[in-house]
Amino acid sequence: MHPLYKQVETLDKRCCEVFGLSEEILMEHAALALCKAVLEKPLISVLIVCGPGNNGADGLACARLLCGVCEVKVLLPLGVKSPLATLQYARAIALHVKIVKAVEKADAVVDALFGSGQTRPLEAPMVALIETLNAQDARKIACDIPTGLGTGTTVFQADVTVVMGALKEVLFLENAKSVVGKIEVAELGVPRCMYEVPSQTQVLSVQDMRLPHRANPVSHKGDFGHVLVVGGEKEGAGILAAMAAFSFGAGLVSYLGEAFLPPHLMKTASLPPKTTAVVAGMGLGNTHKETTLKALLVESACAVVADADVCDMPLAQMLYAHEKPVVFTPHPKEFCALMKRVGLGEVDVETVQANRLALARQFSLGSKSVLVFKGVHTLVAHKGEVYLCPFGSPALSKGGSGDVLAGMIGALLAQGYAPKEAAITAVLAHALAAEAYEGNTYALTPERLIEGVACLKNA
Ligand SMILES: NC(=O)C1=CN([C@@H]2O[C@H](COP(=O)(O)OP(=O)(O)OC[C@H]3O[C@@H](n4cnc5c(N)ncnc54)[C@H](OP(=O)(O)O)[C@@H]3O)[C@@H](O)[C@H]2O)[C@@H](O)CC1
Ligand SMILES: Nc1ncnc2c1ncn2[C@@H]1O[C@H](COP(=O)(O)OP(=O)(O)O)[C@@H](O)[C@H]1O
Ligand SMILES: [K+]
């Protein structure tokens, strides 16, 4: 995993103070990383669009470094303002870097218009400029942050974003995935791990996935836990969760309710005595009395995965306040209901989506439970720490994907994983299996997803 930061200005400052570097040294490394990204694919010409601040200064320094390597054109739609931009401009001019007055055709376009200093929406001329750049048939490289991201709807559409120093939150907004392209972190003169400081937010890596492994040849089914899935009105949802739990390693899986089940699942009318984890909420509706659910989820000693409808029941508050392992798995609308149920106020989906990290953290600070807040970037939050999954794909945007995830978490809880670790591994395995799916992007079914998870390997 890698730390994620709201802002890195303090890290830049610390880097200069602790390691004796200067802003100029940092910038030279930023510019070198941009050059590397530009030269990653063969090209003849590059257009570098530079803003008035230090993002533009990065672009101007990159133009200087590329001088003589390829044909360089610099566009400065707002002139230069910051002292470093003024300095880098003078250096570029001394090298006779070509300054152009309008967008010109090139093999690559570098967006060095605005970076971390963009705090307000783009005005009309800049919106028009970004739209023109997006329409170019060229490789597109964003310097630090694609211009417009986080401030409005018109955003530079990058193939690669070279982020300076460390990962920034804005690059992982829910709508950012379609504009950031591949994210590359530039080291600014010291190794990344020395530049970074501890953070309460982390971006998960493949290495954080710890799949279950049956190393001991002496075993029996009772060693791997017993999952109970509570079936409901939409019985298919519970069946998918149960199939996923079985495939992800639970020794036994029971289904509470009336349904035609695959042969490996056991039907039950009550809580089996040795149940270790209960998964409930998916497709639940009004099938069970609240007292029955309370007995299964709150009063039993079992670990709990509280999905979908359970997030909007009075017992959600009891689970939130519980000492035992509980993992909530809401999607955004369910998260709004859950926030209300646990007394954290009324928020709408739009507000929730714009503040996912902050709200997930707030939720996790009031409870011992683990939150799996599903989305394009699913979050796992526990005691103020938030882990973001950067993987997954639109192949998952289907009814049933979430049911599979809930069952997978249940399987790991049953096998003795701590709730946070169960959530992290299941979320990663779910997303990575979707990415590994080789069929058409529209064709992933929950069954195929379960099969994909079965074929994963630890990194
Ligand atoms: N610090 C360091 O050591 C390092 C910093 N580095 C680099 O510096 C970048 C940050 O630079 P920065 O702070 O100068 O901000 P930046 O993104 O250039 O924007 C500010 C300028 O843009 C303007 N502006 C903003 N929004 C606007 C809008 N909507 N419409 C119009 N204008 C708008 C704003 O105008 P003003 O608000 O002053 O009117 C101001 O002139 C960072 O992303 C990284 O690339 C790296 O080299 C590594 C080392
Ligand atoms: N575009 C996407 N990128 C990454 N993950 C996605 C995307 N669309 C959906 N998902 C994932 O698919 C699952 C959908 O869950 P949910 O909406 O609860 O489905 P259901 O209730 O129908 O099973 C979540 O884990 C979510 O993170
Ligand atoms: K930029």
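Whatever order the structure lists them in is the order used to number ligands and atoms, beginning at 1.
Taking only nitrogen or oxygen atoms, main chain and side chain alike, D144 reaches within less than 3.5 Å of ligand 1. Considering backbone and side-chain atoms alike, E123 places every N or O at 3.5 Å or more from each N or O of ligand 1. Residue-to-ligand polar distances place G117 within reach of ligand 1: an N/O pair is separated by less than 3.5 Å. Residue-to-ligand polar distances place R120 within reach of ligand 1: an N/O pair is separated by less than 3.5 Å. Taking only nitrogen or oxygen atoms, main chain and side chain alike, N55 reaches within less than 3.5 Å of ligand 1.
A donor-acceptor pair under 3.5 Å links the side-chain atoms of T287 to the main chain of E233, judged by distance alone. Using modelled atom types, one side-chain atom of Y417 and one backbone atom of R210 make a donor-acceptor pair closer than 3.5 Å. Checked by atom type and distance alone, the side chain of S364 pairs as donor or acceptor with a backbone atom of R361 at under 3.5 Å. D111 places a side-chain N or O within donor-acceptor distance of the main-chain N or O of L113, the cut-off being under 3.5 Å. Q118 places a side-chain N or O within donor-acceptor distance of the main-chain N or O of G115, the cut-off being under 3.5 Å.
Counting atoms of ligand 1 from 1 in the listed order, those under 4.0 Å from a heavy atom of G115 are 16 (P), 17 (O), 43 (O).
Put simply, Q118 stays out of reach of the K ion (ligand 3), with no N, O or S atom under 3.4 Å from it. Residue contact annotation: F156 places no N/O/S atom under 3.4 Å from the K ion (ligand 3).
In this structure, atom 10 (C) of ligand 1 lies nearest to the protein heavy atom S116 OG, 3.2 Å. Nearest to atom 5 (C) of ligand 1 among the protein's heavy atoms is D12 OD2, 4.2 Å. In terms of protein heavy-atom proximity, atom 26 (N) of ligand 1 is nearest to Q118 CA, 3.7 Å. Residue, atom and distance of the protein heavy atom nearest to atom 49 (C) of ligand 1 are L26 CB, 3.7 Å.
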Inventory of protein N or O atoms under 3.5 Å from ligand 2 N or O:
| residue | atom | partner | partner atom | Å |
| --- | --- | --- | --- | --- |
| ligand 2 | 3 (N) | S393 | O | 3.4 |
| ligand 2 | 8 (N) | S397 | OG | 2.7 |
| ligand 2 | 12 (O) | L396 | O | 3.4 |
| ligand 2 | 15 (O) | G402 | N | 3.3 |
| ligand 2 | 18 (O) | K374 | NZ | 2.7 |
| ligand 2 | 19 (O) | G402 | N | 3.3 |
| ligand 2 | 22 (O) | G400 | N | 2.9 |
| ligand 2 | 23 (O) | G400 | N | 3.1 |
| ligand 2 | 23 (O) | S401 | N | 3.4 |
| ligand 2 | 23 (O) | G402 | N | 2.7 |
| ligand 2 | 23 (O) | D403 | N | 3.0 |
| ligand 2 | 23 (O) | D403 | OD1 | 3.3 |
| ligand 2 | 27 (O) | G375 | N | 3.3 |
| ligand 2 | 27 (O) | G375 | O | 2.8 |
| ligand 2 | 27 (O) | T378 | OG1 | 3.0 |

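Ion pairing between a basic and an acidic side chain is recognised when a charged N comes within 4.0 Å of a carboxylate O; E40 and K36 show no such pairing. No salt bridge links R192 with E187; every basic N to acidic carboxylate O contact stays at or beyond 4.0 Å.
The O atom of D111, the K ion (ligand 3) and the O atom of I145 define an angle of 130° (nearest 10 degrees).
Checked against the 6.0 Å centroid criterion, the rings of Y195 and F19 do not qualify as a close aromatic pair.
A cation-pi contact, defined as under 6.0 Å to the ring centre and within 45° of the axis, is absent between R448 and Y437.
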With a cut-off of 3.5 Å and sequence neighbours excluded, list every side-chain donor-acceptor pair involving residues 332-340.
| residue | atom | partner | partner atom | Å |
| --- | --- | --- | --- | --- |
| E334 | OE1 | H331 | N | 3.0 |
| E334 | OE2 | H331 | NE2 | 3.0 |

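Proximity of P121 to ligand 1, defined as any heavy-atom pair under 4.0 Å, is confined to the backbone N, CA, C and O atoms.
Atom 34 (C) of ligand 1 lies below 4.0 Å from none of the non-hydrogen atoms of the protein.
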